[in-house]
Amino acid sequence: MVKILDIHTHVGDIFHENRSITFKTNIKKGDYEDPFIEVERSGYTKPLIVKDEKDHQRLIDAGQYRVWECTMENFGNDMTEDHVDYACLLPVLPNTSFEEYLAVSKLDSRFIPFTCPDFSLSIPELEKKLELDIQRGAKGLKIHPILQNVSLEDPKVEAAVEVFGKANIPTIFHVGVTSYYGPDKDYPTNPEFGDPQYFYDFAPRFSKYPLIAAHCCLLAEDFAKNTKGLDNVYTDTTMCSAELMQQGVKYIGEDKVLFGTDYPFGTFKYSIEEVKRAFADDERMMNKVFFENAAKILHLEGY
């Protein structure tokens, strides 16, 4: 049976509501209007991001509900049900941390903890903290420009990527313009910091370090054009139909596409179905997307 490694997941409340729910138990999944499930059931052919303000608010609300249900217990049960072997946990400071995710990984070895820069620190302090995180077992770095309200042009971002790049450990970036809060919230975020152009400008300056641009299989041809010649750049399959995954392999490269769900915003069941549909006639490629490509850049034993 093929192994499955999800490169892109979160546990707990990554949003600025900042509810501490990771280790709570017996949290039942609620009954609420959920546009995410409509997109999933369409095979990711229905657009997730919509212009209609009312529909977008429904999406924002559903995303918040999904993280409030995303306890370690619920997450682990979903992994078991859908036969997911490993999940990379991506914290988003200030709301979820490496320490929190490291504790999760100690309780369940299927979880692979990443860390996240604390941009409130000075550069020397930031670097020292990340070096310590690597010593304690961080397997990657997560940067979310929108939720952390930081541009990839910020010197602190460059300093953080340098620490992990020199250790040959990957950094994964959120890429994509979206808003996570409605007009009634005034949290420090900037949706424009997710513009892919920031990543396109950033990546060539760090061409020797493994960089993962999340969500960019959704725009495979454009992404490939703008990162041409960069052998160090990868993306994931979050929110992608089988057809988009096939385009990702075609344009970006068969070694560069990693299975990802953005759990809890994407669920394992439907994402796994799309990978199996995309590569039903190519078991080798299915294995690469589901496991091997990510295992190599994470330096898992045997890769």
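Since we're looking at a predicted model, the values are computed, not measured.
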Examine distances only and state if a side-chain atom of T71 and a backbone atom of N74 form a donor-acceptor pair shorter than 3.5 Å. yes

Tell me if a side-chain donor or acceptor on Q64 pairs with a main-chain N or O of L59 at a distance below 3.5 Å. no

Before accepting this row, confirm whether a basic side-chain N of the pair [X]/[Y] lies closer than 4.0 Å to the acidic partner's carboxylate O.
| X | Y | value |
| --- | --- | --- |
| K156 | D154 | no |
| K185 | E17 | yes |
| E33 | R58 | yes |
| E243 | R277 | yes |
| E153 | R205 | no |

Verdict with supporting geometry, D201 and Q197, side chain to side chain donor-acceptor pair (under 3.5 Å): CA-CA 6 Å; D201 292 340; Q197 191 60 51; 2.9 Å; yes

So side chain to side chain donor-acceptor pair (under 3.5 Å) across residues 111-130, not counting sequence neighbours, yields E99-K129, T115-D133, D118-S120, S122-E125, K129-D133

Atom of [X], atom of [Y] and distance for their closest heavy-atom approach:
| X | Y | answer |
| --- | --- | --- |
| V157 | L152 | CG1-CD2, 4.0 Å |
| L211 | F206 | CD1-O, 4.0 Å |
| E254 | M285 | O-CE, 3.1 Å |

Go through it in stages, so that I can follow the logic: the residues are Y44 and E273, the test is side chain to side chain donor-acceptor pair (under 3.5 Å), and I'd like the CA-CA distance, side-chain angles, deciding distance and then a yes or no. CA-CA 11 Å; Y44 297 102; E273 285 178 359; over 6 Å; no

Start with the C-alpha distance between I212 and T235, add both sets of side-chain angles, then the distance that settles side chain to side chain contact (heavy atoms under 4.5 Å, CB included), and finish with yes or no. CA-CA 5 Å; I212 305 167; T235 191; 5.6 Å; no

The side-chain hydrogen bond (donor to acceptor under 3.5 Å, both in side chains) partner of H10 among T22, N95, D262 is D262

Test ring pair (Phe, Tyr, Trp, His ring centres under 6.0 Å) on F173 and F202 and set out the steps. CA-CA 11 Å; F173 303 82; F202 182 90; 5.4 Å; yes

Verdict with reasoning, Y263 to D78, per side chain to side chain donor-acceptor pair (under 3.5 Å): CA-CA 10 Å; Y263 184 95; D78 285 348; 2.6 Å; yes

ILVMFWY network linking L107 to V11, side-chain heavy atoms under 4.5 angstrom: yes

When hydrophobic residues are tied together by side-chain contacts of less than 4.5 Å, even through go-betweens, does I60 share a cluster with Y65? no

Identify, with sequence neighbours excluded, every residue that meets ring-ring contact (aromatic ring centres under 6.0 Å, His included) alongside H215. H8, H174

Within the supplied structure, the quantity of interest is the number of heavy atoms (other residues, nucleotides, ligands) at a distance under 6.0 Å from E221 CD; does it exceed 12? no

